[in-house]
Amino acid sequence: MNKKITVLPGDGIGPEIVNEAIKVLNKVADKYGHSFDYKYVDIGGCSIDKFGVPITDEGMEKCKNSDSVLLGAVGGPKWDNVDPSVRPEKALLAVRKELGLFANLRPTKLFPQLADASPLKQEIVGGGIDLLIVRELTGGVYFGSRKTEEVNGEMVATDIMPYSESEIERIGRVGFETAMKRGKKLASVDKANVLDTSRLWRKTMHKLSEEYPEVEYSDILVDNTAMQLIKNPTQFDVLVTENMFGDILSDEASMLTGSIGMMPSASLSSGTLGMYEPIHGSAPDIAGMNIANPLGTILSAAMMLRYSFDMSAEADAIEAAVNKVLDDGYRTGDIMQDGCNKVTCSEMGDLVAERI
Ligand code: NAD
């Protein structure tokens with residue numbers, strides 16, 4: 001197969017980790033007889049420096065006209081004080097919206113080799129954590145209208161959190177379909193005891209659940225979910241939730257594994273086009289030092305093969321290679337353990353590629 005991939009390395013460690021994912025993708029292409037055609041586009045701070053905007057219209061077109069998008073990370077202290085309308089993160093919201101990426105999939109997997117890295121006790125994570133958060137990505141309070149105005153002599157800020165039935169049904173369906181491919185268990189997270197959006201969410205999800213009798217469905221309040229993720233994370237298979245709850249819960253869940261550098265993510269549209277990126281940021285504190293962990297980006301590339309290109313065997317090969325590298329005792333600094341071999345970012349990429 002021939003696939004066009006738009007590559008958005010971004011800022012900080014972005015270019016370093018993306019290089020390693022491309023190295024692994026090239027090895028997959030060689031081994032399985034595919035060809036991947038990469039088009040590079042500036043995004044975030046580096047694009048602000050060159051063009052005055054976090055992504056150009058031309059760059060956005062390239063994303064739209066590709067089969068898939070691979071992103072490193074954007075942002076850094078250099079751009080913290082730029083005009084809010086052109087902040088690096090604006091580019092991410094714009095790409096999500098333009099490409100119709102309404103579903104964000106964040107697997108949280110505790111690799112047994114790294115169980116010590118989890119901040120939770122062994123008796124809690126012993127059974128292994130393997131859950132997936134499906135987060136709505138283009139609606140809710142991040143996209144509703146907002147204003148700050150003076151009322152009765154003081155400033156008042158308002159953010160609107162809108163959700164329509166069709167938006168809820170669309171993401172709910174991704175939740176159910178994903179659960180069908182995994183452990184057939186879905187928890188829908190809301191705040192239906194307070195919010196109207198959540199009451200509509202719950203009603204819509206219940207209706208949808210009738211189409212998926214095989215899936216063990218439950219509702220759970222977001223505050224309880226935050227607690228249960230720490231108390232008993234192994235009870236969960238797939239969680240589906242709205243944009244802001246998903247943002248917060250997926251960061252919490254990722255920390256259960258103790259290693260932000262290991263975690264991939266996928267943002268999907270209703271077609272096959274998707275954007276794939278590690279969950280961490282641009283890590284300016286270690287940028288340019290060749291010590292970042294590229295495994296989250298490499299595993300994001302595996303998700304790209306699985307979800308956008310329907311290449312399951314190839315995705316399995318990447319995940320198996322990552323497992324093998326960990327089994328063989330290689331670690332970047334962030335996941336270093338006694339008795340293991342410490343490797344650089346580029347060495348880690350080489351080691352994974354060798355094992356494809
Ligand atoms: P961060 O995720 O960049 O870094 C948090 C900590 O984790 C740092 O100590 C960093 O060194 C470490 N870390 C992160 N990724 C790592 C990796 N692959 N290997 C080893 N260590 C790693 O979060 P932050 O410091 O809050 O944010 C830095 C910048 O990134 C900010 O400008 C922020 O806005 C941006 N950001 C971007 C994205 C994105 O592009 N999707 C996401 C989050 C934050």
Side-chain angles (χ1 to χ4, degrees), residues 7-21 24 41-49 54-55 59 63 69-82 84 86-97 99 101 104-106 111 114 117 119 135 137 142 243-244 246-248 250-255 257-267 274-301 303 322 325-326 330-337 340 342-349 352:
V7 183
L8 310 173
D11 306 312
I13 59 170
E16 300 164 52
I17 53 178
V18 160
N19 266 348
E20 302 316 309
V24 173
V41 168
D42 289 311
I43 189 167
C46 60
S47 176
I48 296 173
D49 288 349
I55 186 164
C63 293
V69 178
L70 181 67
L71 170 73
V74 299
K78 183 176 174 198
W79 304 282
D80 277 350
N81 297 316
V82 298
V86 294
R87 277 186 65 87
E89 299 77 16
K90 281 270 168 191
L92 296 186
L93 296 184
V95 174
R96 286 173 189 164
K97 198 78 186 174
L99 271 55
L101 304 176
N104 184 231
L105 270 53
R106 279 208 194 177
F111 284 82
L114 303 178
R135 166 188 167 198
L137 207 54
Y142 294 172
N243 203 343
M244 185 171 64
D247 192 4
I248 298 167
S250 53
D251 263 26
E252 183 191 354
S254 70
M255 280 322 293
T257 70
S259 49
I260 199 172
M262 297 292 299
M263 294 294 121
S265 79
S267 300
M275 180 162 79
Y276 300 84
E277 58 182 304
I279 66 157
H280 58 73
S282 60
D285 52 332
I286 56 167
M289 295 162 77
N290 193 23
I291 59 170
N293 183 348
L295 294 178
T297 318
I298 291 170
L299 291 167
S300 301
M303 289 185 88
V322 168
V325 167
L326 296 176
Y330 296 105
R331 305 280 188 270
T332 43
D334 57 314
I335 51 172
M336 187 58 191
Q337 292 163 300
C340 290
K342 193 166 175 181
V343 296
T344 63
C345 178
S346 52
E347 284 167 344
M348 187 54 107
V352 176

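As the structure lists them, so they are numbered: ligands from 1, and atoms in each ligand from 1.
From Glu347, atom CD reaches atom CG of Asn290 across 7.5 Å, with rounding to the nearest 0.5 Å.
Around atom NZ of Lys97, more than 12 heavy atoms belonging to other residues, nucleotides or ligands sit under 6.0 Å away.
Protein neighbours of ligand 1 below 4.0 Å, counting non-hydrogen atoms: Ile13, Ala73, Val74, Gly75, Gly76, Glu89, Leu92, Ile260, Gly261, Glu277, His280, Gly281, Ser282, Ala283, Pro284, Asp285, Ile286, Ala292, Asn293, Asp334.
A salt bridge links Arg106 with Asp251; the closest basic N to acidic carboxylate O contact falls under 4.0 Å.
In this structure, the side chains of Asn243 and Leu137 come closer than 4.5 Å at one or more pairs of heavy atoms.
Using modelled atom types, one finds no donor on one side chain facing an acceptor on the other under 3.5 Å when comparing Asp11 with Trp79.
When each of Leu295, Asn293, Leu114 is paired with Arg331, the side chain to side chain contact (heavy atoms under 4.5 Å, CB included) condition holds for Leu114 and for no other.
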